[in-house]
Amino acid sequence: MKHPLRGMAITTAILSHLSGATIVGIFLGRWLDSYFQTSPLFLLVGLFLGLAAGVYGTITLVNKFLGDDAS
């Protein structure tokens with residue numbers, strides 16, 4: 001019998017991967033923008049890098065969850 005809270009756990013993990021990496025990327029980009037006095041440059045770079053890291057983390061998490069270790 002599967003654990004009844006397993007679906008909620010994977011949903012929470014996916015949400016935390018996507019939102020956490022994106023928020024860290026945004027804040028790091030804003031900090032770099034204030035340090036180097038470049039207004040939207042590092043904010044956008046941080047946003048896209050955070051999104052990419054979140055998607056990569058989500059893909060690896062879902063592959064582990066589904067048992068697809070071939071990739």
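Among all heavy-atom pairs drawn from Ala21 and Gly54, the shortest one is CB-N, 3.7 Å. Taking all atoms of both residues into account, the shortest heavy-atom contact from Asp33 to Phe42 is OD1-N, 3.0 Å.
The CD1 atom of Ile23 lies 13.5 Å from the CG atom of Leu28; values are rounded to the nearest 0.5 Å. Atom CG of residue Leu15 and atom OG1 of residue Thr11 lie 9.0 Å apart, to the nearest 0.5 angstrom. Note that OG1 of Thr22 is 11.0 Å distant from CZ of Phe48, once rounded to the nearest 0.5 Å. Between the CG atom in Leu61 and the CG atom in Leu18 there is a gap of 10.0 Å [rounded to 0.5 Å]. Taken from OG in Ser34 to CG in Leu43, the straight-line distance is 11.0 Å, to the nearest 0.5 Å. Taking CG of Leu32 as the reference point, atom OG1 of Thr38 lies at 7.5 Å (rounded to 0.5 Å).
Val24 and Leu51 are assigned to two separate hydrophobic clusters, defined by single-linkage of ILVMFWY side chains at heavy-atom distances under 4.5 Å. Taking hydrophobic clusters as Ile, Leu, Val, Met, Phe, Trp and Tyr residues chained together by side-chain heavy-atom distances below 4.5 Å, Met8 does not share a cluster with Phe65. Placement of Trp31 and Phe36 within a single hydrophobic cluster is found when ILVMFWY residues are connected by side-chain heavy-atom separations under 4.5 Å, directly or transitively.
Using a 4.5 Å heavy-atom threshold, the side chains of Val55 and Ile59 count as touching.
Partner of His17 under the side-chain contact (heavy atoms from CB on, under 4.5 Å) criterion, chosen from Thr60, Thr58, Thr12, Val62: Thr58.
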